[in-house]
Each structure stands twice: as C-alpha cells, then as structure tokens.
2 protein chains.
Amino acid sequence: MKNASTDDTRRRLLEAAGQVFAERGFQAATVREICGRAGANVAAVNYHFGDKERLYIEAVRYAHCSGIDAPDPTWPEGTPPERKLRDFIRGMLENILHDTRPAWQAQLIVRELIEPSQACVEMVENYIRGKYDILQAILAELMPPEVPPSDRRLVAFSVVGQCLYYTKIHKPIGELLVGEDEYRSFDLDRLTDHITRFTLAALGRQPLFARPGGARV
Amino acid sequence: MKNASTDDTRRRLLEAAGQVFAERGFQAATVREICGRAGANVAAVNYHFGDKERLYIEAVRYAHCSGIDAPDPTWPEGTPPERKLRDFIRGMLENILHDTRPAWQAQLIVRELIEPSQACVEMVENYIRGKYDILQAILAELMPPEVPPSDRRLVAFSVVGQCLYYTKIHKPIGELLVGEDEYRSFDLDRLTDHITRFTLAALGRQPLFARPGGARV
DNA sequence: TCAGGGTTGAAACGTTCGTTTTAAGCGCAG
DNA sequence: CTGCGCTTAAAACGAACGTTTCAACCCTGA
C-alpha cells in the first residue's frame with residue numbers, strides 16, 4: 001500500500017530538483033545536492049524516478065504544472081486587440097522576470113527553452129504551443145488580413161524575442177551594458193509598456209514616441 | 001627554448017576546446033574529448049593552461065579573436081541610418097546563424113552570453129560593448145533627440161532580442177512551432193529584412209506592410 | 001499481534017572526471 | 001657527445017559522480 005509520506009518525498013524531490021537544475025543545469029546538478037535540499041536519501045531518486053534523467057523530465061513537467069502560469073487568459077467580447085497584446089506580453093514577462101512566482105520554475109523552463117532536452121518536445125506541445133496560438137490570434141486581429149501567415153509568425157517571434165531577452169540569465173550582460181541601477185529600472189511595468197508600444201508601433205497601430213493627442217493603450 | 005610545435009598544440013587545443021565546449025557546455029565537456037579531438041595528451045591541458053577552467057576562458061577569448069567578426073563596419077559620410085541599421089542587423093544575424101563562419105565559434109559565444117562565466121565580463125567589455133555602442137549611435141540617428149537615452153537602450157535591447165531569438169539553440173522549438181520547412185525559410189535575407197523593417201516601422205520610419213508608393217530601405 | 005509490502009537510510013559499488021606524476025623524446029648550446 | 005630546458009606520453013591518483021545493495025523501518029490488513 002502507498003505510504004502517506006511517499007508523495008511528500010516525491011514532491012519535495014521534484015521541488016528541490018527543479019531548484020537545483022534551474023541553478024546549475026542538468027550536468028552540474030548533483031543528486032546528492034538535490035536530495036540534501038529535499039531532506040531525502042540519495043536512493044530516493046532511483047526509487048521514485050529510476051534515474052537522474054527521468055527526475056529531470058518530471059521536474060520540468062512539474063515546474064509548469066504547479067501553477068507557474070495562470071490559466072490562459074480570456075477576454076470579454078469586444079476587448080481591443082491592443083489590450084490583449086499588452087496582457088499577453090505582461091504575462092510572458094511576469095513568468096520571465098519571476099516577479100510573482102518562485103524564481104526557479106521560470107528559470108528551469110527558460111533553461112529548457114535554451115538547451116532543449118527530451119523534456120522539451122512535451123513542454124512545447126503542452127505549454128508553449130498554447131501560448132503561441134494565443135499570440136497568433138491576437139496578431140491576426142492587429143494585422144491586415146492579406147499579410148501571409150508566415151509573416152505573422154515572424155512578428156510573433158519578434159514579440160517573443162523581445163521578451164526573452166530579459167531572461168534572468170541575460171542579466172549580467174545587461175547590467176554591464178547599462179549599469180546596475182538602470183537595469184533595475186527595467187521592471188515589469190516598464191518593460192511591458194515598452195515592448196507593447198514598440199510592437200504596436202511596428203504594426204502601425206500607434207506611434208512609439210508620445211505625441212500630443214496620441215492614442216494610448 | 002620554445003619548441004616550434006608548442007604553439008601548434010596550444011592552438012589545436014584551443015580550437016578543439018572551442019568546439020567541444022560549444023557543443024556540450026562547460027560541465028559536460030571533458031578534457032579527454034578535447035585532447036582526443038586535438039590529437040594531444042590529456043596532460044597538455046594542464047601543461048599549457050593550468051586547468052580546464054583557464055582553458056575555457058582562453059577558448060572563449062580565442063573564439064572571437066580569430067576573426068569571427070569582421071572589423072566594425074564604417075559607412076561613408078551621409079549613409080542613411082536606415083541602411084546602417086540594416087547592415088548592423090545583418091551582421092549580427094550572420095554571427096548568430098553562422099552562415100558564413102565556423103559554427104562553433106558563434107555558438108560558444110552565444111553559450112557564454114546565455115550562461116555567463118568568468119570569461120563573460122572580459123568578452124562584454126572587449127566585444128559586445130563595441131557592437132552595442134554602434135547600435136546606440138545608429139538608433140540615435142533614427143530617433144527624436146528628445147527621447148531619453150534610457151528609452152533608447154530599451155529599443156536597442158528590442159533589436160538585439162529579436163536577433164538573439166534565432167540562436168541555433170532555439171531552433172528545435174521554432175521547428176516544432178512552425179514546421180521544419182517554414183523554419184528553414186527563415187534565412188539570413190528574410191530575417192534581416194523582417195527585423196529591419198519591424199524596427200524601422202516601430203520607430204515610425206516606414207510602414208511594416210508594403211503599401212503602394214511606400215519607401216523602402 | 002504478526003506478516004508483508006512500501007519506503008527510507010547508510011554504505012558501498014563501479015565509473016568517469018580533472019589533475020598529477022614520472023619518465024621519455026626532442027632540439028640545441030657548450 | 002653531453003647536458004639541459006621544453007614538450008609530450010602513459011599511467012595512475014584522489015575525488016565526486018550516479019547508481020545499487022541491503023537491512024531496517026513504518027504502516028496497514030488480517
């Protein structure tokens with residue numbers, strides 16, 4: 001029969017593994033550190049997951065199944081697409097800047113995005129695909145219908161690329177380039193505002209630079 | 001006295017180390033594989049560089065001192081900033097897509113950008129800083145003078161972010177999202193064109209979507 | 001109470017890693 | 001030729017890794 005503490009150990013291992021994998025990467029992370037942080041024995045990894053690699057896959061899955069992202073947003077009928085785009089960008093930046101949720105989860109996912117493993121395909125299909133489709137739908141509202149879908153996908157990548165630049169692991173470079181103080185000023189609100197307005201301006205929806213009487217979103 | 005073959009072994013180690021580090025990352029790369037690929041003994045690493053970490057630092061330095069990037073471009077007086085921006089973006093994409101030069105050099109640098117090590121600070125100061133300043137100067141020509149420098153830096157990050165998205169290590173995700181065939185169509189020319197036009201449109205220089213009589217760069 | 005399966009703990013296993021040691025090879029000055 | 005730095009080769013070292021073993025433990029059902 002299943003012991004009550006089993007699921008606890010399993011869950012603690014998943015959380016600890018996510019943190020350690022996020023901090024150090026797959027190779028550099030050690031099962032001893034994971035188990036130490038989880039308060040479990042090293043044998044627990046092999047008992048519960050078989051080996052280190054399957055623990056990693058499960059940790060990635062756990063990371064974005066344990067509430068890292070709010071349910072896909074739904075907007076009331078008639079919401080202007082500019083507003084939807086802003087919400088989307090803000091949501092993505094929230095995950096990246098980990099302003100709201102445990103840092104390691106977002107970082108683990110970003111790490112997986114950057115250095116894909118076997119866990120990548122599953123994550124793309126289960127998580128990214130959905131977000132990507134939402135962004136595509138928003139852009140379809142913002143762009144002329146005669147623009148080919150392939151070009152729309154390029155625009156989507158431009159939006160995502162702008163957001164992904166602020167990944168935590170880019171931080172040292174950003175700080176070196178603009179200084180720590182200014183880099184700190186690039187917070188969620190400011191980046192949301194900038195990327196949204198930059199994108200809307202590129203799509204011809206509104207000018208990037210404020211002008212008297214200019215429309216805002 | 002210095003043996004003539006010494007510099008050869010050193011150089012072969014640096015090249016092999018660059019390739020292996022680029023493929024596997026610092027932790028996963030082994031000095032045995034590096035030495036095997038370089039046709040050298042494992043002791044050569046410690047003899048020439050002291051240890052694995054200093055070999056890595058030297059390999060990163062070697063990677064962008066051995067002609068990965070053309071000398072900083074200079075434009076004739078009166079070159080329109082739109083043209084400069086296009087050249088800059090194309091140059092950056094060239095390095096990223098490694099269409100022209102040895103793949104591993106660009107990848108090693110990108111890897112360093114993503115997971116900074118001790119070699120990062122030096123590389124930022126010696127390499128990225130220069131590129132970044134050039135981009136800033138171009139943007140200064142393209143933007144109204146009253147825009148604060150801090151906002152100009154955000155625009156620069158938007159440009160760089162769009163380019164960095166097409167890093168080789170994003171490729172699996174891109175292929176899963178849009179299909180291999182279409183992803184293959186995102187080549188140097190098309191991406192240069194898209195990112196340049198997207199950015200210029202955002203800056204209010206020209207519309208993103210072709211219109212009759214619209215100006216092109 | 002007792003037997004038995006699920007779970008944990010401590011220790012050890014075999015492997016691979018980075019590094020070191022030791023000796024031989026090489027080219028040249030004396 | 002001889003001796004001496006510089007460089008390379010082969011082998012081994014100690015440490016750390018992932019993994020396995022096995023006995024003890026705990027909980028539950030009979």
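A, B, ... follow the sequence lines: proteins, then strands. Residue 1 opens every chain.
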Between [N] atom [atom2] and [X] atom [atom1], what is the distance in whole Å?
X: B/K52; N: D/dA16; atom1: NZ; atom2: P; answer: 15 Å
X: A/F21; N: D/dG18; atom1: CZ; atom2: C1'; answer: 11 Å
X: A/D8; N: D/dC27; atom1: CG; atom2: P; answer: 13 Å
X: B/H48; N: D/dT7; atom1: NE2; atom2: C1'; answer: 7 Å
X: A/D51; N: D/dT19; atom1: CG; atom2: C1'; answer: 9 Å
X: B/R24; N: C/dC17; atom1: CZ; atom2: P; answer: 11 Å
X: A/Q27; N: C/dC17; atom1: CD; atom2: C1'; answer: 11 Å
X: B/L13; N: D/dT8; atom1: CG; atom2: C1'; answer: 12 Å

Side-chain donor/acceptor of A/D51 to backbone N/O of A/R54, under 3.5 Å:
yes
Is the backbone of B/T30 close enough, under 3.5 Å, to the side chain of B/R24 for a donor and an acceptor to pair up by distance?
no
Under a 3.5 Å threshold, yes or no: a donor from one side chain and an acceptor from the other, between B/S150 and B/R153?
no
How close do [X] and [Y] get, counting heavy atoms only, and between which atoms?
X: A/Q162; Y: B/F198; answer: NE2-CE2, 4.0 Å
X: B/C35; Y: B/N41; answer: SG-O, 3.3 Å
X: A/A140; Y: A/R152; answer: N-CD, 3.8 Å

Please give me every residue in residues 38-46 of chain A whose heavy atoms get under 4.0 Å of an atom in DNA chain C, ordered by residue number.
A/N41, A/V42, A/A43
For D/dT7 and B/T9 - does any side-chain N or O of the residue sit under 4.0 Å from the phosphate oxygens OP1/OP2?
no
Answer yes or no for B/K171 and B/F186: cation-pi contact, defined as NZ/CZ to six-membered ring centre under 6.0 Å and angle to ring axis within 45°.
no
Using a strict heavy-atom distance below 4.0 Å, which residues from residues 28-35 of chain A are in contact with DNA chain D?
A/A29, A/T30, A/V31, A/R32
Taken to the nearest 0.5 Å, the spacing of B/L188 CG from B/I89 CD1 works out to 11.5 Å
Would a 4.5 Å heavy-atom cut-off, applied to side chains only, mark A/W75 and A/I138 as touching?
yes
